[in-house]
Amino acid sequence: MPENDPSVSWLLIIITPIIFVVLYMWFLKWTASKGKALRGAVYISTPFLVFAVRELMNLLLGGNNTGWVIVALLVLVGISLYIQYRTAGEMKLRKTLTSFLRLTFFVFVILYIMLLLSTVTAGVLNV
């Protein structure tokens with residue numbers, strides 16, 4: 001992704017929810033189950049959401065904030081591993097990965113909404 005190109009950043013930021021909705025509708029048609037469709041859309045759209053949050057952080061805070069995103073992902077992996085160990089007593093790779101993707105999606109959706117509102121507010125106020 002070209003550095004300091006706000007058009008590419010905004011394209012990724014805007015298209016991320018669209019990707020989730022399209023994936024959800026496709027999975028719903030394919031599986032005919034709302035739960036499976038939601039899980040499939042979450043698993044595939046999580047990386048897009050992570051990159052969108054990174055771009056929002058770069059636009060709002062300036063500079064390159066990839067390190068903070070990596071730290072957040074490592075903390076979420078640790079939390080997923082801890083939860084898996086406490087509930088199952090053992091760590092299975094597939095369950096850890098699915099819980100990590102779900103937790104990452106949940107946390108990054110909240111960050112996405114907060115950062116998007118902050119970026120729009122900063123743009124409106126010309127701060």
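Computed from a prediction, not measured in an experiment: that's the story for all the values here.
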Is the CG atom of L93 crowded by more than 12 outside heavy atoms at less than 6.0 Å?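 Incorrect, the count does not exceed 12.
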Atom [atom1] in [X], atom [atom2] in [Y]: separation rounded to 0.5 Å?
X	Y	atom1	atom2	answer
L49	I44	CG	CD1	14.0 Å
L97	Q84	CG	CD	10.5 Å
T96	Y82	OG1	OH	14.5 Å
T66	M57	OG1	CE	9.0 Å
L12	T16	CG	OG1	4.5 Å
L74	I79	CG	CD1	11.0 Å

Is there a path from [X] to [Y] through hydrophobic residues (I, L, V, M, F, W, Y) whose side chains come within less than 4.5 Å of each other?
X	Y	answer
V53	I19	no
V75	Y85	yes
L116	F106	yes
F51	V22	no
V50	L23	no

Under a 4.5 Å cut-off applied to non-hydrogen side-chain atoms, are [X] and [Y] in contact?
X	Y	value
L73	F100	yes
Y24	K34	yes
I13	T119	no
I15	F48	no
L61	W68	no

Among T104, L111, I110, find the one that has a side chain to side chain contact (heavy atoms under 4.5 Å, CB included) with V107.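 It is L111; the other options fail the test.
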Report the C-alpha distance between F108 and V69 in whole Å, list the side-chain angles of each, state the deciding distance to 0.1 Å, and finish with yes or no for side-chain contact (heavy atoms from CB on, under 4.5 Å). CA-CA 10 Å; F108 275 75; V69 173; 4.2 Å; yes
Applying side chain to side chain donor-acceptor pair (under 3.5 Å), can you list everything that pairs with Y43, at least two apart in sequence or on another chain?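 Applying side chain to side chain donor-acceptor pair (under 3.5 Å) to Y43 gives R102.
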Looking at every non-hydrogen atom in both residues, tell me the closest pair between L60 and A122 and how far apart they are.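 Residues L60 and A122, closest heavy atoms: CD1-CB, 4.2 Å.
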At their closest point, which heavy atom of L101 faces which heavy atom of V42, and how far apart are they?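 Taking L101 first and V42 second, the nearest heavy atoms are O-CG1, 4.3 Å.
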I'd like to know if the side chain of N58 reaches the main chain of N65, judged simply by a donor and an acceptor atom lying under 3.5 Å from each other, with no hydrogens or angles considered.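 At least one qualifying donor-acceptor pair exists.
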Among all residues two or more places apart in sequence or in another chain, which pass the side chain to side chain contact (heavy atoms under 4.5 Å, CB included) test with W30?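 Side chain to side chain contact (heavy atoms under 4.5 Å, CB included) check on W30 returns W26, F27.
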Below 6.0 angstrom between ring centroids: does that apply to F20 and Y112?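 When the ring centroids of F20 and Y112 are compared, they turn out to be at least 6.0 Å apart.
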